[in-house]
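Order of appearance sets the numbers: ligands from 1, and atoms from 1 within every ligand.
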Amino acid sequence: MTKVESHLDYSTPLRMRYAPSPTGQTHVGGVRTALFNYLLARRTGGAFVLRVEDTDESRYRPESEATMMRDLRWFGLSWDEGPDAGGPYGPYRQSARHDIYDKYARQLLQNNQAYWCYCTPEELEADREAQRARGIQAPRYSGRCRNLSAQESAALQTEGRPKSLRFIVPPGETTVHDLIKGEPHFDHHQIGDFVIVKSTGGPTYNFAAAVDDALMNIDVVLRGDEHLSNTPVQLMLLRALGLREPLYAHVPLILNEDQSKLSKRHNTVGVDEYRKEGVLASALLNHLVLLGWSPGDEREDFTLDELSKMFSLERVHKSAAVYNAARLRAFNQRELRKLPREELSKMLASAMQENGLLENPAPDAAIHWIDTFLDAYGEELHTIADAIPIVKSLRDEAIVIPAIELERLRSREVLFFLDSVSQYVASLSELRGLPLNKTIPAIGEEFGLKKKMRIMQCAWRSQVRKVARR
Ligand code: GLU
């Protein structure tokens with residue numbers, strides 16, 4: 001691919017990659033990165049590559065790789081190459097690529113672009129401390145082992161010290177050509193000789209990622225903002241190794257409403273938690289795509305296919321996006337309303353079953369009840385999980401509604417009644433002290449509905465709650 005400074009050539013198939021480290025639950029920020037990569041791959045008829053970055057042995061959680069794949073599939077983000085799918089540039093799990101990293105590490109060592117470092121963690125910490133004391137805010141490696149003689153190295157090795165391989169940062173600066181950020185410069189003076197092979201023998205993230213992006217022929221490395229400072233480091237490695245350089249695109253962060261980095265202290269961040277809260281993949285996807293990208297008009301409702309035709313980096317914002325929980329709930333309500341009733345009923349039934357509110361399989365009477373419930377509440381729900389507390393407050397009386405009553409509930413008079421109750425309750429500004437338990441059945445009586453009042457509670461309670469919340 002030819003290098004384009006400010007915009008991409010969307011007529012050329014792009015090889016894009018999502019490279020998660022499976023260290024825990026799938027974070028929505030990661031999903032947004034995966035989504036943007038997927039969309040560019042699909043828009044250009046290129047390839048979406050899934051690469052598992054499992055080189056940090058202490059943080060790797062094998063089960064989270066399967067969870068991450070399940071979560072991507074839930075959103076419909078299918079990959080063309082990956083650990084399970086295979087592909088021409090495998091293996092796609094970094095732990096299976098050690099011989100490749102070893103080869104490039106040897107090359108750097110032989111070309112005097114890297115050296116063995118025997119510093120202990122205590123020595124490194126003491127160096128950093130001394131630099132901080134001198135007012136250096138971002139301490140860097142002192143270079144102590146850069147010029148060790150062969151005898152000195154041998155002596156340190158005999159002491160049994162662990163060794164790591166450091167890259168020799170050349171003088172000068174690196175300019176990153178970033179499709180979103182422009183051209184930030186990085187002065188090498190600020191960057192100490194960095195580790196590329198850890199004392200465990202494994203590659204560091206920067207080393208493995210740089211080598212893999214080149215060998216996997218990745219055209220654009222699109223990832224979160226927090227990796228921008230890794231980019232000069234990765235570019236230095238690629239240049240030293242004579243490997244192909246990708247283009248870069250760093251997507252602005254997602255922030256909590258108080259401008260701090262999106263975190264679980266303020267918002268739900270795990271995909272699994274969203275699913276448990278009853279959020280639909282389509283709502284979350286629309287929400288995520290609009291965090292950092294805009295279609296250029298007011299539209300907020302897209303399918304993955306539509307996005308795959310229209311997504312472009314030019315419309316990715318340069319500044320951070322603020323997470324908007326209310327918008328997600330509104331989107332989810334919209335998506336719930338689009339669902340066929342049968343599907344909604346099934347979702348509610350299974351949410352009730354998960355909460356121990358319904359037997360499995362559900363008896364016919366309960367299916368009818370769910371239908372009635374959805375008539376009364378369906379439009380109001382922002383998530384299926386919203387229904388659970390309401391169901392809880394109603395279930396004792398409601399689940400045993402005889403079929404004949406259910407038929408009556410569907411009558412026009414009931415609708416009028418509910419409407420009147422809604423209007424009556426909504427017109428109240430203060431509930432305390434009002435004899436609602438008497439007033440509402442009295443309205444019911446006016447409509448000749450006395451007998452059905454027990455069932456009616458299901459509908460008017462929500463109105464009462466709304467007023468109470470005001
Ligand atoms: N494994 C890194 C992460 O999960 C990926 C960074 C990158 O895309 O280069 O943050």
Side-chain angles (χ1 to χ4, degrees), residues 14-41 47-69 71-72 77 79 81-83 89 91-98 101 174 176-181 184 186 194-196 198 202-238 243-254 261-263 269-271 288 292 313 316:
L14 292 175
R15 287 183 58 76
M16 305 296 298
R17 56 53 156 196
Y18 175 51
S21 304
T23 54
Q25 60 177 351
T26 315
H27 189 286
V28 284
V31 175
R32 188 191 61 166
T33 302
L35 173 63
F36 285 8
N37 275 290
Y38 170 92
L39 294 176
L40 283 182
F48 179 48
V49 177
L50 180 64
R51 182 172 78 223
V52 172
E53 302 208 323
D54 54 352
T55 54
D56 188 347
E57 305 86 350
S58 59
R59 293 176 63 230
Y60 178 60
R61 303 273 170 281
E63 68 287 355
S64 59
E65 183 181 315
T67 312
M68 176 267 299
M69 290 189 181
D71 291 342
L72 291 181
L77 302 178
W79 48 97
E81 297 167 32
Y89 301 93
Y92 293 90
R93 211 176 265 118
Q94 288 186 327
S95 54
R97 298 174 64 82
H98 275 239
Y101 310 128
T174 296
V176 175
H177 302 285
D178 191 287
L179 293 162
I180 297 170
K181 299 269 157 191
F186 294 87
F194 52 87
V195 174
I196 52 174
K198 295 178 275 189
T204 54
Y205 153 69
N206 274 320
F207 184 42
V211 167
D212 288 349
D213 287 335
L215 299 189
M216 293 181 179
N217 265 334
I218 299 303
D219 290 308
V220 183
V221 169
L222 184 154
R223 59 188 170 194
D225 226 350
E226 68 274 23
H227 289 291
L228 181 61
S229 61
N230 288 322
T231 310
V233 167
Q234 296 178 8
L235 279 170
M236 273 187 240
L237 288 168
L238 293 176
L243 292 174
R244 177 182 188 273
E245 291 174 32
L247 291 170
Y248 292 90
H250 288 92
V251 184
L253 287 178
I254 306 175
K261 190 174 163 192
L262 185 68
S263 67
V269 294
V271 170
L288 288 175
L313 281 187
V316 171

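- The aromatic rings of H227 and Y205 are tilted relative to each other, their planes meeting at an angle between 30° and 60°.
- Applying side chain to side chain donor-acceptor pair (under 3.5 Å) to D212 and the options Y101, Y92, Y89 leaves one that passes, Y101.
- If you run side-chain contact (heavy atoms from CB on, under 4.5 Å) between N37 and each of T33, L35, L40, L39, only T33 comes through.
- The protein residues lying under 4.0 angstrom from ligand 1, judged by non-hydrogen atoms, are R17, A19, P20, S21, E53, Y205, R223, H227.
- What you find for I196 and F207 is that their closest heavy atoms are O-CD2, 3.4 Å.
- Applying the side chain to side chain donor-acceptor pair (under 3.5 Å) test to residues at least two apart or on different chains, the pairs with a partner in residues 20-29 are Q25-E273, T26-D71.
- Exactly one of V49, V221, L222 qualifies for a side-chain contact (heavy atoms from CB on, under 4.5 Å) with M16. That residue is L222.
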